[in-house]
Amino acid sequence: MARKVFIAGNWKMNKTAAEAKALCEALKESLAPLAGKVEVAVCPTFTSLATAVEVLKGSNVKVGAQNIHWAENGAFTGEISGAMLKEIGVEYVIIGHSERRQYFGETDETVNKRMQAALANGLKPILCIGETLEEREGNKTEAVLEQQIKGAFADICECKMDQITIAYEPVWAIGTGKTATPEMAEETHAFIRKTIAALYNQEIADAMVIQYGGSMKPENAQALVAQADIDGGLIGGAALKADSFTALVTNAIA
Ligand code: PGA
C-alpha cells in the first residue's frame, strides 16, 4: 500500500516572526519543485503562525501549530484553542511532543483531549509518542508505546483516522545527534502499526502515516524513509535552515 511521504519541521521555540517569514519565503521557493511528490509542513511558534500561513498560501508547504488546548474558550491563560488555529488557516497540530510531556506535565489523558479538540476543529493531529533511554534499556519500549497509543486514541472515531499522523520519536534521539538505526526504528514502527491494527483494523493501520523523529538529517533521511514502515519525519534542528530542510526532504524521497 503506497503511503505518501510526509515531512514536518518542528521549529520548537525558535524564530521570531521576521525570521519565520524569511525562512518560509525561502522554503516556498526551494520546495516548489517537489510539489505533488511529498507532503511538507512547517510548525512555527504561535506568534509566527499567521505570517507563515500568509507567506505559504498557494504553495505546497502546509502550516502546523505545536500545541492546542482542548477547551473551546474560557479562563485558560496562555492557551490557544482549535477554533483560533483553524481561523487563521493552520492545517496540522503537533500533539504530545516529549518536551511537552517532560516539561509541561502533558499526560496521555491531556494528549487525548487535545486530539479530540483538534479533530473537532478540522485540524490534523501529528501525535508524538516515544520511549526514554531508561525505558528502552529496561525493555519497556513496546509497553510504553502501547500505553501512549491506547491513551491518545481513546474514543477517537475510526472515521477520523485518516486525519492523523503518528510521529515516533525516541526521546533519547531528540536533539542528541543519536539517531535510531533504520533497522531499530523500523522494528518499532512495525510494532506501532501492529498496535493500530489491533485497536482499529489492518486497513486503517496500513493507511496510517508514521513519521520518525530524532536527529533526522539530510544524511540519514533516505535510509530511514526507505524502511517499509517509516513514512517520513518530524524534524527539529535540521528544519531551522532552508538548505538543510530542503536537502532532507529531497533526500527522503530520492
Ligand atoms: P531533532 O528534534 O530533529 O532536533 O532531534 C526532533 C523533534 O523533537 O521533533
Side-chain angles (χ1 to χ4, degrees), residues 5-15 19-20 23 27 31 38-46 48-49 52 61-68 90-106 111 114-115 118 124-133 135-136 141 144-145 148-149 152 164-182 184-185 188-189 192 209-225 227 230-252:
V5 172
F6 178 27
I7 312 271
N10 172 12
W11 293 3
K12 310 192 179 183
M13 197 174 73
N14 294 291
K15 308 284 176 194
E19 290 165 347
L23 181 50
L27 290 173
L31 292 168
V38 56
E39 176 88 354
V40 186
V42 293
C43 305
T45 61
F46 287 131
S48 297
L49 284 172
V61 183
K62 310 287 174 56
V63 177
Q66 298 175 16
N67 196 13
I68 178 177
V90 167
E91 188 167 335
Y92 288 97
V93 57
I94 297 171
I95 295 177
H97 190 278
S98 63
E99 284 148 19
R100 297 220 55 91
R101 294 179 192 255
Q102 191 178 349
Y103 306 129
F104 303 101
E106 192 84 77
V111 164
R114 293 182 212 276
M115 294 272 288
K124 299 175 182 165
I126 299 174
L127 166 70
C128 301
I129 56 172
E131 81 287 359
T132 62
L133 184 59
E135 288 160 350
R136 177 159 283 266
T141 300
V144 167
L145 294 176
Q148 290 176 344
I149 292 168
I164 302 170
T165 299
I166 295 177
Y168 166 60
E169 302 202 304
V171 178
W172 46 271
I174 295 177
T176 58
K178 278 187 214 159
T179 330
T181 62
M184 194 194 270
T188 313
H189 278 236
I192 292 166
V209 171
I210 308 177
Q211 299 173 323
Y212 169 81
S215 301
M216 201 194 256
K217 298 189 169 49
E219 298 77 40
N220 59 21
Q222 191 178 9
L224 284 159
V225 176
Q227 300 292 319
I230 303 183
D231 310 313
L234 182 58
I235 320 301
L240 295 175
K241 290 203 172 111
D243 55 356
S244 61
F245 192 60
T246 305
L248 191 156
V249 177
T250 307
N251 293 352

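Order of appearance sets the numbers: ligands from 1, and atoms from 1 within every ligand. If you read the sequence from its start, that first residue is 1, and numbering goes on from there. Please read all numbers here as calculations on a predicted model, not as lab measurements.
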Quiz item: Can E39 and V209 be said to form a side chain to side chain contact (heavy atoms under 4.5 Å, CB included), step by step?
Solution: CA-CA 11 Å; E39 176 88 354; V209 171; over 6 Å; no
Practice problem: Apply side chain to side chain contact (heavy atoms under 4.5 Å, CB included) to M184 and R136, showing your working. | Solution: CA-CA 11 Å; M184 194 194 270; R136 177 159 283 266; 3.7 Å; yes
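Listed by chain and residue number, the protein contacts of ligand 1 are N10, K12, H97, E169, A173, I174, G175, G214, S215, L234, I235, G236, G237 (heavy atom within 4.0 angstrom).
Two residues are said to be in side-chain contact when any heavy atoms from C-beta on lie closer than 4.5 Å; K15 and T45 fail this criterion.
Looking at every heavy atom in both residues, S98 comes nearest to I174 through OG-CD1, 3.3 Å. Across all non-hydrogen atoms, the minimal contact from A238 to L248 is CB-CD1, 4.0 Å.
When each of H189, E131, Q211 is paired with Y168, the side-chain hydrogen bond (donor to acceptor under 3.5 Å, both in side chains) condition holds for E131 and for no other.
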